[in-house]
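Data block below; observations after.
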Amino acid sequence: MRRGPPAGMRFEEPADLELLRRMQRGDESALETLYARYGGLVFTLALRIVGDPELAREVLQDTFLRSWDGRETYDSRRGRVPWWLMGIARNRAIDVLRSRPHQARMREQAATPSGAHEAEPAVQGAAEATALRRTVAQALAGLSEVQREAIELAYYRGLTQVEIARYLGQPLGTVKSRIRDAMERLRTLLESLIEPTEDLESRRD
Amino acid sequence: MTDEHPIEALAVYALGSLEATERASVETHVAACAACAVRLRAFQGVAGSLPIGLAPVPLPPEAWETISATVRARRSHSRMRAKPTSMAAWLRLAGWPAVAAALAALLIWNVSLERELSRRAPGPAPGPEVEALSRRPGRIVILAGTGKPEASARLFVAVDGGGHLAVSGLAPLPRERTYQLWFVQTGSSAVNGATFRVDASGRAWVKVMVPASLDNVQAIAITEEPSPQTSAPTGKHLLDALPWK
């Protein structure tokens with residue numbers, strides 16, 4: 001069984017950009033490498049959002065098919081390749097989450113665990129993957145409870161800022177401030193993960 | 001947006017949580033503001049890194065095989081398109097996007113069919129009619145168990161309107177009850193697509209009468225009804241179709 005390592009957020013040979021170039025030339029092995037690198041992360045994210053393995057599988061497949069057939073175009077100005085893939089997967093998963101049948105289904109199921117960030121890994125990854133996971137989990141733990149809640153509602157529940165304000169019964173300005181402060185804090189704590197990488201990538205070309 | 005640098009909006013934008021009207025405003029600003037472009041990229045890095053903190057789960061089996069089969073089908077069709085004289089009549093008549101979508105769906109369909117058939121409880125084989133259906137191009141509609149969470153179904157619709165339904169997770173019914181599949185069409189009442197029972201394992205594989213065009217169908221659902229069948233749904237929705245258009 002394939003497991004996309006979270007460590008894929010680090011650069012590995014061949015570079016992600018090179019994989020995309022090969023995919024544009026129709027090289028299926030490049031897509032397979034990209035899937036092996038990030039499939040696990042995409043599926044984990046999709047499952048976290050939709051809460052249903054079968055629907056998460058559909059999101060996973062759709063994400064990589066869209067990356068292959070040009071329905072989604074990568075723009076290097078918008079960040080790294082995995083961020084782009086996570087964006088596709090997250091948007092597709094939110095579309096599923098917002099569909100009426102899914103909402104009805106979820107209402108009848110137990111609430112999706114919200115503490116997944118603190119959960120023990122179901123799959124033991126490489127040491128680097130575990131370290132990365134711990135880094136992100138610790139960064140999230142460094143937020144206040146209301147900041148974490150705002151991030152959770154925005155990113156994993158797919159609520160807009162107005163919907164979050166309504167859900168929490170807080171002024172819109174308060175929600176905006178919480179999200180901004182949370183993102184600024186995370187930006188600092190995760191600097192090593194998100195620092196600009198164009199130089200690294202160009203050197204590999 | 002009144003801020004010189006709309007930092008709050010950038011943060012919300014990166015999380016995909018900004019309303020559409022404000023998104024355009026942010027994009028316009030970022031296109032002209034280098035400082036905000038850098039900040040947005042960093043925020044997008046934060047958002048893209050959030051999934052790393054999740055406890056990883058194993059990839060589902062066969063997911064890559066389905067992706068690969070779809071990719072190869074599209075590649076195969078590209079070759080066929082280069083030789084139009086060798087294509088079947090329906091391929092010549094269809095436009096490229098429709099054919100691509102149909103072939104992709106066919107591959108996923110066949111993989112799904114094989115998986116579904118391999119999971120079937122002991123019972124009568126699907127037979128040549130179902131096998132023939134599985135080879136025709138079409139699309140798949142997923143039905144989720146809105147009223148019966150453990151239930152799920154796949155509706156396979158061929159381009160010529162024929163189709164069949166694979167369903168699992170429903171309870172076997174007494175003689176006087178039955179399940180019915182409904183198509184709710186725009187501007188008209190629901191149309192019965194199939195009346196069926198499930199086996200002891202809660203599964204069924206049934207032929208479906210599909211309306212002329214799924215594009216005119218607003219909703220698809222499965223209900224439990226009195227036997228032999230009703231002309232309109234009276235029971236609660238046990239399964240509902242996810243968006244398929």
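Side chains included, hydrogens not; waters and symmetry mates left out as well; all remaining heavy atoms used. Owing to the predicted nature of the structure, the values given are computational and were not obtained by experimental measurement. Chain A is the first sequence line, chain B the second, and so forth, proteins listed ahead of strands; every chain is numbered from 1.
- Looking at heavy atoms from C-beta onward, L50(B) lies in side-chain contact with L186(A) at the 4.5 angstrom threshold.
- Contact of the L31(A) side chain with the W64(B) side chain is registered, since non-hydrogen atoms from C-beta on lie closer than 4.5 Å.
- No side-chain heavy atom of R80(A) sits less than 4.5 Å from a side-chain heavy atom of Q44(B).
- A donor-acceptor pair shorter than 3.5 Å cannot be found between the side chains of S152(B) and E54(A).
- F64(A) CZ to S68(B) OG: the interatomic distance, rounded to the nearest 0.5 Å, is 13.5 Å.
- Contact annotation for residues 177-185 of chain A against chain B (heavy-atom separation below 4.5 Å, listed by residue number): S177(A), I179(A), R180(A), M183(A), E184(A).
- In this structure, the side chain to side chain contact (heavy atoms under 4.5 Å, CB included) partners of T160(A), at least two apart in sequence or on a different chain, are R98(A), V162(A), E163(A), E19(B).
- E22(B) and Q161(A) are linked by a side-chain donor-acceptor pair at a separation below 3.5 angstrom, with hydrogens and angles left out of the test.
- Looking at L153(A), neither its backbone nor its side chain comes within 4.5 Å of chain B, counting heavy atoms on both sides.
- Rounding to the nearest 0.5 Å places OG1 of T44(A) at 11.0 Å from CD1 of I52(B).
- Proximity of S49(B) to M86(A): side-chain heavy atoms (C-beta onward) are nowhere separated by under 4.5 Å.
- A donor-acceptor pair under 3.5 Å is absent between the side-chain atoms of R48(A) and the main chain of A55(B), judged by distance alone.
- Only the side chain of R90(A) comes within less than 4.5 Å of a heavy atom of chain B; its backbone N, CA, C and O stay farther away.
- Here the side chains of V46(B) and W83(A) are not in contact, with every heavy-atom distance at 4.5 Å or above.
- Salt-bridge check for R72(B) with E28(A): passed, with a basic side-chain N closer than 4.0 Å to an acidic carboxylate O.
- Put simply, the side chain of L59(B) reaches to within 4.5 Å of the side chain of Y35(A), judged on heavy atoms.
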